[in-house]
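Protein chains get the first letters and strands the later ones, always in sequence-line order, with residue 1 at the start of each.
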Amino acid sequence: MPKDSGIGAASKRREDVRFLTGAGNYTDDINVYGQAYVYFLRSDVAHGRINSIDTSAASEMPGVVRVFTGDDFEGVGGLPCGWQVTDRFGQPMQEPGHPVLARGKVRHVGDPIAAVVADTLQQARDAAEAIELDIEELPAVVDMKAALNEGAAKVHDELPSNLCYDWGFVEDNKAAVDEAIKNAAHVTTLELINNRLVANPMEPRVAVGDYNRANDESTLYTTSQNPHVIRLLMGAFVLGIPEHKLRVVAPDVGGGFGTKIFHYAEEAFVTFASRKLNRAVKWTASRSEAFMSDAHGRDHVTKIELALDADNNFTAIRTETYANMGAYLSTFAPSVPTWLHGTLMAGNYKTPLIYVNVKAVFTNTVPVDAYRGAGRPEATYQLERVVDKAARELGVDPIALRRQNFISEFPYATPVAVEYDTGNYFATMDKLEEIADLAGFDARRKESEAKGMLRGLGINCYIEACGIAPSNLVGQLGARAGLYDAATVRVNATGSISVMVGAHSHGQGHETAFPQVVADMLGIDESMIEIVHGDSSKIPFGMGTYGSRSLAVCGSAMVRATEKIIKKAKKIASHLLEASEGDIELKDGKFSVAGTDKSVAWGDVTLAAYVPHNYPLEDIEPGLEETAFYDPSNFTYPSGAYCCEVELDPETGKVTIERFAAADDFGNVVNPMIVEGQVHGGIGQGIGQALLENCVYDSEGQLLSASYMDYAMPRAEDVPFYVVDHSCATPCTHNPLGVKGCGEAGAIGSPPAVVNAVIDAIQSGGKNVLHIDMPLSPQRVWAAMQD
Amino acid sequence: MYAFDFEKPTTVAEAVAALADDEAQPLSGGQTLIPTLKQRLAMPSKLVSLTGIAEMQGVCTNDAGQLCIGGATPHAVVAAEAASKYPALSALASNIGDPAVRNRGTIGGSVANNDPAACYPSAVLASGATVVTNNREIAADDYFQGLFSTALEEGEIITEVRFPVPQAANYQKFVQPASRFALVGVFVAKFADGVRVAVTGASNDGVFRWTEAEKALSANFSPDALNGLSVSADGMIGDLHGTPEYRAHLIAVMTKRAVAAAS
């Protein structure tokens with residue numbers, strides 16, 4: 001019987017009522033009395049030297065409050081990078097400055113040059129056209145390998161080259177890996193591109209800076225996934241505003257997918273300008289601006305080699321990846337191709353030797369950073385593609401080859417530094433074979449062929465690492481932040497509860513799922529519990545939401561705080577019941593004395609805490625409010641097996657996804673409906689990457705896919721009805737709820753399944769095509785089939 | 001966008017008068033013009049809306065049996081009202097853009113703009129339709145003059161498009177993955193006196209007739225008649241979504257499919 005409330009119940013998402021009825025409160029809905037508007041004049045060349053910026057005419061235009069340029073930020077900090085990677089030789093990465101407004105040079109199309117603040121947005125735009133720029137265009141570097149050539153134009157003149165770092169992992173394994181590959185019975189090699197993506201949340205970024213002269217306090221309203229992180233980065237590193245004078249509010253946020261983790265120039269600008277002008281300043285990105293100023297995702301060029309012995313056991317993996325950083329280091333950019341990618345290269349397999357080399361490169365393009373999955377999709381894609389290719393080269397069944405090499409005992413220490421606590425890859429593969437109806441595939445293929453179509457089947461496994469932790473470890477790896485989270489459970493006098501959480505919900509459904517946990521623990525109705533998030537002045541210092549961490553990390557903090565509440569409440573109850581504390585039981589919202597019919601209700605206890613007339617004041621304080629910080633001892637490791645079935649029109653190259661099945665192991669599940677929705681969304685984004693989405697620059701650094709006319713987003717008609725299962729649950733061993741993370745799995749697990757399926761379809765038509773780079777657009781598929 | 005004046009006349013004559021002003025521009029459904037204005041890529045002094053003119057609305061049949069569509073008729077109305085009389089045209093209209101586009105965008109606007117990837121120009125050309133303006137009638141073969149270029153003169157308004165109704169017809173659209181405009185669209189129309197084939201989306205010169213295919217199909221209206229025929233990649237559009245070779249290839253594929261669907 002499915003539960004109808006608490007942990008495991010498919011409680012309906014309470015936040016959707018306001019989202020679907022237009023009652024949400026997004027950042028653009030926030031208007032401060034007397035606010036001015038800023039328009040950013042952005043570079044239309046990819047690389048250029050700023051000879052002069054003449055703002056005199058613009059400053060005289062109607063409604064203009066002030067025109068800012070980079071010179072106004074003399075003495076102000078640049079945008080900081082939150083992760084320092086150490087290279088193969090023990091040296092820190094190259095870390096160029098990132099000014100709020102460009103100084104000296106512009107380094108990508110979209111780089112902000114000047115900011116016009118005016119009474120209206122129209123006036124600001126009009127005035128921006130009156131700014132006279134003298135920018136000397138310089139040769140741009142776009143291609144990563146060309147950027148590393150001797151004599152290539154340098155994105156940052158002060159650096160020795162365009163190389164950010166050359167990272168080896170695990171460097172000590174390198175010689176052994178080389179040796180194993182040399183001695184292998186078979187080596188499968190694959191060169192591939194993990195295509196650059198633009199996150200495209202439905203809500204573009206918005207920032208409102210509001211300065212209160214009365215108490216010298218600044219408030220930034222912003223579209224962020226992590227208000228406390230922004231407060232720390234912007235306050236401490238950019239503007240020098242102490243935390244107690246800086247409030248960051250991220251209200252309803254319409255999708256993030258990673259791109260709203262980072263601290264952006266526009267946030268710092270509106271906060272800075274509102275202080276200078278003593279007037280609120282608002283910025284709302286247009287979609288065109290989003291394409292050239294939101295951090296992009298992926299953009300890896302990789303060569304992977306998989307070595308096998310004569311019995312088809314994996315013996316070694318070696319990879320070489322070029323990772324695009326863009327023109328500046330976005331907040332967590334250096335961590336994505338390294339610690340979020342190299343550590344996942346074992347995948348679901350017991351390969352004993354692995355070496356990962358990553359060269360991070362500066363180019364004259366928009367900065368690249370984490371996007372749904374962040375490093376893990378790149379790892380999974382290359383690994384699962386090369387395994388598939390190996391199976392084809394060796395003439396063995398791709399599922400059998402995977403099963404043969406599955407990790408089967410846990411905990412399992414990989415050769416890439418992480419230890420999987422639990423999992424059962426055979427169980428998810430068994431489940432997949434059942435729900436995907438693999439037995440019926442041959443018949444379906446015949447049906448397709450009768451219509452003149454080709455049909456292909458693609459299998460894929462994935463492992464992912466969620467809730468990056470513990471803080472002391474990530475500190476050693478270069479993180480300049482902790483990765484714990486925090487929750488305050490405030491029980492009110494009449495028994496209702498506000499839970500202030502450091503996690504941020506921008507589509508994930510925390511407002512529904514988190515109360516289910518607390519309600520379950522206390523035995524009270526979910527509707528008595530409200531989640532408060534997104535406002536640094538209301539919530540404890542938590543790290544926000546990304547990396548599928550919210551329930552595993554912040555949820556654990558919430559559990560710890562609730563446990564403290566229960567402990568104290570039992571003390572109060574024992575006093576009221578005149579019984580020993582050890583005899584008090586909490587069930588269905590009632591405290592009772594074991595073995596008797598004596599009890600007090602939840603509300604009696606909470607009221608006593610705030611009206612302590614009959615209360616053990618000598619032993620405990622009044623009130624019922626507890627905070628807990630939780631720093632996990634390890635990542636969580638969700639895993640799964642996916643299957644994609646495609647139909648391919650050989651005359652046009654058009655691929656349609658006919659079936660898609662996903663068997664995931666997320667450990668314990670709090671709300672199965674929300675989990676299913678997360679998987680659906682993730683697979684949709686993965687299909688987008690595999691078939692449609694591609695961010696393209698020309699050789700001059702002009703962004704060709706700068707709007708929806710050329711950047712192909714997946715639509716409802718592009719995705720099938722999914723078959724999703726998460727019954728194969730191996731609970732996480734180290735967090736109190738036994739939960740893992742489900743937000744990114746779909747985006748990680750689906751692209752290789754789609755590509756494997758297309759290759760299978762082409763092969764079934766008798767063409768020996770072994771790889772096509774994503775997106776598998778009709779043109780690319782058709783062209784590959786012509787060779 | 002930049003500031004502009006706005007007029008919404010109720011007759012063609014008033015519209016023509018309003019457009020006489022310098023830098024005045026007609027606004028029909030606005031599906032191209034409004035995004036252009038929002039990006040500040042155009043700076044008209046005045047927009048003259050054509051959507052309030054009753055005589056430019058609706059679908060009817062004239063004494064010659066032609067389907068007459070008012071220039072300001074939205075795609076959704078054509079989709080609904082041409083369904084029984086000219087199903088292929090109705091199907092084309094029902095597959096332009098999305099519901100919002102189909103309820104704002106108009107046939108006159110599309111034909112006047114002559115976007116090389118728009119659907120309507122192929123139907124107009126393949127049907128041998130007549131483009132009727134406020135002061136003349138222009139045969140389709142004379143009307144389309146290349147990329148975004150037509151026989152229309154400054155201030156001239158398309159009041160109606162008259163379609164002869166073919167015995168059989170079909171439109172096959174292969175969509176560009178991002179914009180969902182036609183990467184290649186082929187409209188085939190079979191009349192008593194021969195077959196016309198018009199191709200959109202593919203050529204650097206905009207919509208064009210594939211005369212070789214017309215000849216073959218006029219002799220034998222079946223997909224097999226096209227065997228061995230191909231279009232040269234010279235002059236075809238090459239962009240992120242399709243090389244000239246791919247587009248040339250798709251023309252042959254889509255033409256065959258259109259004939260198969262029509263016959």
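Here B:His241 is the residue among B:His241, B:Gln176, B:Lys38 with the most heavy-atom pairs under 4.5 Å with chain A. Of the listed residues (A:Ser288, A:Ala712, A:Ser286), the greatest number of heavy-atom pairs within a distance under 4.5 Å of chain B belongs to A:Ala712. Chain B forms the most heavy-atom pairs under 4.5 Å with one residue out of A:Gln786, A:Met713, A:Gln122, and that residue is A:Gln122. Between chain A and the residues B:Arg40, B:Arg247, B:Glu245, the most heavy-atom pairs under 4.5 angstrom are made by B:Arg40.
Using a 4.5 Å cut-off between heavy atoms, A:Met709 contacts chain B through both its backbone and its side chain. Residue contact with chain A, scored on non-hydrogen atoms closer than 4.5 Å, involves the side chain of B:Phe174 exclusively. Proximity to chain A is limited to the backbone of B:Met1, based on heavy atoms less than 4.5 angstrom apart. Contact of A:Pro778 with chain B is made through backbone and side chain together, with heavy-atom distances under 4.5 Å. Looking at A:Asp698, there are no atoms closer than 4.5 Å to chain B (heavy atoms on both sides), in backbone or side chain. For A:Asp718, the part sitting under 4.5 Å from any heavy atom of chain B is the side chain, from C-beta outward, and nothing else. Proximity to chain B is absent for every atom of A:Arg780, based on heavy atoms less than 4.5 angstrom apart. When heavy atoms are compared at a cutoff of 4.5 Å, A:Glu129 approaches chain B solely by way of its side chain, counted from C-beta outward.
When the shell of 6.0 Å around CZ of B:Arg209 is examined, it contains more than 12 heavy atoms from other residues, nucleotides or ligands. Residue A:Lys654 places its NZ atom among 12 or fewer non-hydrogen atoms of other residues, nucleotides or ligands, all under 6.0 Å distant. The number of heavy atoms from other shown groups lying within 6.0 Å of CD (B:Gln145) is above 12.
B:Leu240 places none of its side-chain heavy atoms less than 4.5 Å from the side chain of A:Gln779. Under the 4.5 Å side-chain criterion, counting only non-hydrogen atoms from C-beta, B:Asp98 is not in contact with A:Arg715.
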What verdict does the salt bridge (Lys or Arg N to Asp or Glu O under 4.0 Å) test give for B:Arg257 and A:Glu651, after you've listed the backbone C-alpha separation in whole Å, the side-chain angles of each residue and the deciding distance to 0.1 Å? CA-CA 11 Å; B:Arg257 290 183 182 183; A:Glu651 286 190 318; 2.7 Å; yes
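The distance from the CG atom of B:Asp239 to the CG atom of A:Asp710 is 7.0 Å, given to the nearest 0.5 Å.
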